[in-house]
Amino acid sequence: MDQDQLKQLVANAAVDYVMSKLERNSVIGIGTGSTANLFIDGLAAHKGAIYGTVASSEASAERLREQGIPVYELNAVDRVDVYVDGADETNAHLQLIKGGGAALTREKIVAAVADEFVCICDDSKLVRHLGAFPLPVEVIPMARSHVARELVKLGGDPVYRDGVVTDNGNVILDVYNFPIPQPLTTEAQINAIVGVVTNGLFAQRPADVLLLGGKDGVQTLHASPA
Ligand code: 5RP
């Protein structure tokens, strides 16, 4: 199976997982990216049973509406029962790097609100140590150079993601050559730089469940203690 087929497999498993738990007023948080898109398409078959969703990006909101699935603003709902999203990397503690699609801030907000965070990945994303994937950092535009200098002091090589403006009107710096042995510390350090909106480390709020697609099917994994 190639990577796209594995993404389809985990997206299908996530639809089954979510639908088996859904109650009448449940709100589903929806991630962003190619795996999340497959999840959205799979949900469409059950749209009559879905009270509503909250999206982590304008792109996902638009895809949900195209499929006839109700979308609410996060401020209009009392809770998010379950949040389903992909990742760029995960470790065994289900700490993640996200933001390859530049939606990291809204993803982090929806994940923080959600009772349960289900990450859906193919097994190429499972790594021993985070950091081979360049770490996305969302930055207020006027602070770009300042934040880049501070990231260099932390040991990384920040690169401006040319031409990308986030749904929040900000820019992205991708930090290359930046191994992350202590994700909790690094997440906090980067977020403390003035001008940073947030970074793509999901360590303070890791996933609760990982649906991991591999050649032998989908495994359901829980975090090993950090
Ligand atoms: C978007 C994300 C995505 O979840 C991440 O980039 C994975 O994307 P894909 O499912 O397309 O591989 O964090 O900001």
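Note that this is a predicted model, so its numbers are computed, not measured. Whatever order the structure lists them in is the order used to number ligands and atoms, beginning at 1.
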Tell me whether [X] is salt-bridged to [Y], with the criterion being a basic N under 4.0 Å from an acidic carboxylate O.
X      : Y      : answer
Asp41  : Arg63  : yes
Glu187 : Lys108 : yes
Lys21  : Asp81  : no

Could you check [atom] against the protein and tell me its nearest heavy-atom contact, residue, atom and distance included?
atom                    : answer
atom 3 (C) of ligand 1  : Thr32 O, 3.2 Å
atom 11 (O) of ligand 1 : Ser34 OG, 2.5 Å
atom 10 (O) of ligand 1 : Thr35 OG1, 2.5 Å
atom 2 (C) of ligand 1  : Glu107 OE2, 3.3 Å
atom 4 (O) of ligand 1  : Lys98 NZ, 2.9 Å
atom 6 (O) of ligand 1  : Asp88 OD1, 2.7 Å

**Message:** Apply side-chain contact (heavy atoms from CB on, under 4.5 Å) to residues Phe178 and Ile190 and explain how you reach the verdict.
**Reply:** CA-CA 12 Å; Phe178 193 53; Ile190 295 178; 3.9 Å; yes
**Request:** Answer yes or no: is there a donor N or O on one side and an acceptor on the other, between the side chain of Ser60 and the main chain of Gly31, under 3.5 Å?
**Result:** yes
**Per-residue contact class, Ala102 against ligand 1 - non-hydrogen pairs under 4.0 Å** = backbone
**Prompt:** Applying a 4.0 Å heavy-atom criterion (strictly less than), which segment of Ser57 is in contact with ligand 1: side chain, backbone, both, or neither?
**Reply:** neither
As an exercise, identify every atom of ligand 1 less than 4.0 angstrom from a heavy atom of [X].
X      : value
Gly99  : 2 (C), 13 (O), 14 (O)
Gly33  : 11 (O)
Gly86  : 4 (O)
Lys7   : 9 (P), 11 (O), 12 (O)
Asp85  : 4 (O)
Gly100 : 6 (O), 13 (O), 14 (O)

**Asked** Polar-atom distance check: Ala103 versus ligand 1, any N or O pair below 3.5 Å?
**Response** yes
**Item:** Ala36 N/O to ligand 1 N/O under 3.5 Å
**Value:** no
**Asked** Does Arg144 make a cation-pi contact with Tyr160 (under 6.0 Å, within 45 degrees of the axis)?
**Response** yes
**Message:** Set out, in order, the CA-CA distance, both residues' side-chain angles and the distance that settles side-chain contact (heavy atoms from CB on, under 4.5 Å) for Tyr51 and Glu23, then state yes or no.
**Reply:** CA-CA 9 Å; Tyr51 166 75; Glu23 292 175 7; over 6 Å; no
**Asked** Quick one: does Ala87 get within less than 4.0 Å of ligand 1, heavy atoms only?
**Response** yes
**Side-chain H-bond candidate by donor/acceptor type, Asp4 with Gln8, under 3.5 Å** = no
**Request:** Could you check if a side-chain atom of Phe202 sits within less than 4.5 angstrom of a side-chain atom of Asp85, using non-hydrogen atoms only?
**Result:** no
**Prompt:** Phe39 and Tyr17: aromatic ring centres closer than 6.0 Å?
**Reply:** no
**Request:** Only one of Leu9, Val10, Val209 passes side chain to side chain contact (heavy atoms under 4.5 Å, CB included) with Ile120; say which it is.
**Result:** Val10
